[in-house]
Q: 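Pasting a structure below so you can have a look.
The first residue in the sequence is number 1, and the count goes up from there. Just so you know, these numbers use all the heavy atoms, side chains as well, and skip hydrogens, waters and symmetry mates.
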Amino acid sequence: QVQLVESGGGLVQPGGSLRLSCAASGSIFSINAMGWYRQAPGKERELVAAITGGGSTNYADSVKGRFTISRDNAKNTVYLQMNSLKPEDTAVYLCNADLQILSYTRIYNRYWGQGTQVTVSS
């Protein structure tokens, strides 16, 4: 079955760094945009960063200059490098990807990973 699996979350001190990975697997014809969302307790889910198939990127204002999104198309994987982490970055981070399953259509369906916990605390 098609799935997205995140890894790389954990506990880090303020000012530290983490690198998240998300790998897509299964019967996939094509991958378009990929991205990272996060959701903290009591808050709405928000877009952190996104990257198109052509490599253009978009970031939330709160993470600009600190986070970098990238992708490896050969591995069907998207990454999120997080530097200068702050306590307010604490959240469950979820990977998403728009996947084309059937070769004879241009329909992309959105898939979500189960999330990985990032905790920034001293």
Q: According to a hydrophobic-cluster definition based on side-chain heavy atoms being under 4.5 Å apart (Ile, Leu, Val, Met, Phe, Trp, Tyr only), do Val92 and Leu47 belong together?
A: yes

Q: Any link between Tyr111 and Ile28 through a network of hydrophobic side chains (Ile, Leu, Val, Met, Phe, Trp, Tyr) touching at under 4.5 Å?
A: yes

Q: What distance separates Ser27 OG from Ile101 CD1, expressed to the nearest 0.5 Å?
A: 6.5 Å

Q: Minimum heavy-atom separation for Cys95 and Val78, please, with both atom names.
A: SG-CG1, 3.8 Å

Q: Examine Val12 and Phe67 and state if one hydrophobic cluster contains both, with Ile, Leu, Val, Met, Phe, Trp and Tyr joined whenever side-chain heavy atoms are less than 4.5 Å apart.
A: yes

Q: Given side chains that start at C-beta, do those of Arg38 and Glu46 come closer than 4.5 Å, heavy atoms only?
A: yes

Q: Output the distance between atom CD (Gln13) and atom CG (Leu11), rounded to the nearest 0.5 Å.
A: 8.0 Å

Q: Work out which heavy atom in Ser122 is nearest to a heavy atom in Pro14; give both atom names and the distance.
A: N-CD, 3.7 Å

Q: Is it the case that the ring center of Trp112 lies less than 6.0 angstrom away from the ring center of Tyr37?
A: yes

Q: Rounded to the nearest 0.5 Å, what separates atom CH2 in Trp36 from atom CD1 in Ile51?
A: 12.5 Å

Q: Would you name the heavy atoms of Ala24 and Ile31 that are closest together and state the gap between them?
A: CB-CD1, 4.2 Å

Q: Counting N and O atoms only, with roles assigned by atom type, does the side chain of Glu88 sit under 3.5 Å from a partner on the main chain of Thr90, one being a donor and the other an acceptor?
A: no

Q: Within the side chain of Tyr59, is there an N or O that forms a donor-acceptor pair under 3.5 Å with the backbone of Ile69?
A: yes

Q: Could you check whether any side-chain N or O of Arg71 sits under 3.5 Å from a backbone N or O of Thr52, counting only pairs where one atom can act as donor and the other as acceptor?
A: yes

Q: Does Glu6 use its side chain to pair, donor to acceptor, with the backbone of Gly115 at less than 3.5 Å?
A: yes

Q: Quick one: does any side-chain atom of Arg110 pair with a main-chain N or O of Asp98 as donor and acceptor, under 3.5 Å?
A: no

Q: What is the minimum heavy-atom distance between Leu85 and Arg66, and which atoms define it?
A: CA-NH1, 3.9 Å

Q: For the pair Tyr79 and Asp72, evaluate side-chain contact (heavy atoms from CB on, under 4.5 Å) and give the outcome as yes or no after the intermediate values.
A: CA-CA 8 Å; Tyr79 306 94; Asp72 185 336; 4.0 Å; yes

Q: Output the distance between atom OG (Ser30) and atom CG (Leu102), rounded to the nearest 0.5 Å.
A: 12.0 Å

Q: Can you find a side-chain donor-acceptor pair between Asn83 and Ser17 that sits under 3.5 Å?
A: yes

Q: Step through the shown structure and confirm whether more than 12 heavy atoms of other residues, nucleotides or ligands are within 6.0 Å of CD on Gln114.
A: no

Q: Begin with the C-alpha distance, continue with both residues' side-chain angles, and end with the deciding distance and a verdict on side-chain contact (heavy atoms from CB on, under 4.5 Å) for Tyr93 and Val48.
A: CA-CA 9 Å; Tyr93 284 71; Val48 177; 4.2 Å; yes

Q: Please tell me whether Val63 and Leu80 are part of a single hydrophobic cluster in this structure, the criterion being side-chain heavy atoms less than 4.5 Å apart.
A: yes

Q: Measuring from Ser21:OG to Gln81:CD, what's the distance to the nearest 0.5 Å?
A: 9.5 Å

Q: How long is the span from the CG atom in Asp89 to the OG atom in Ser62, to the nearest 0.5 Å?
A: 7.0 Å

Q: Is a side-chain donor or acceptor of Thr77 paired with a backbone partner of Lys75 at a separation under 3.5 angstrom?
A: yes

Q: Assess the residue pair Met82 and Val118 against the criterion (side-chain contact (heavy atoms from CB on, under 4.5 Å)); give the C-alpha distance rounded to whole Å, side-chain angles, the decisive distance to 0.1 Å, and a yes or no.
A: CA-CA 10 Å; Met82 304 185 294; Val118 172; 3.9 Å; yes

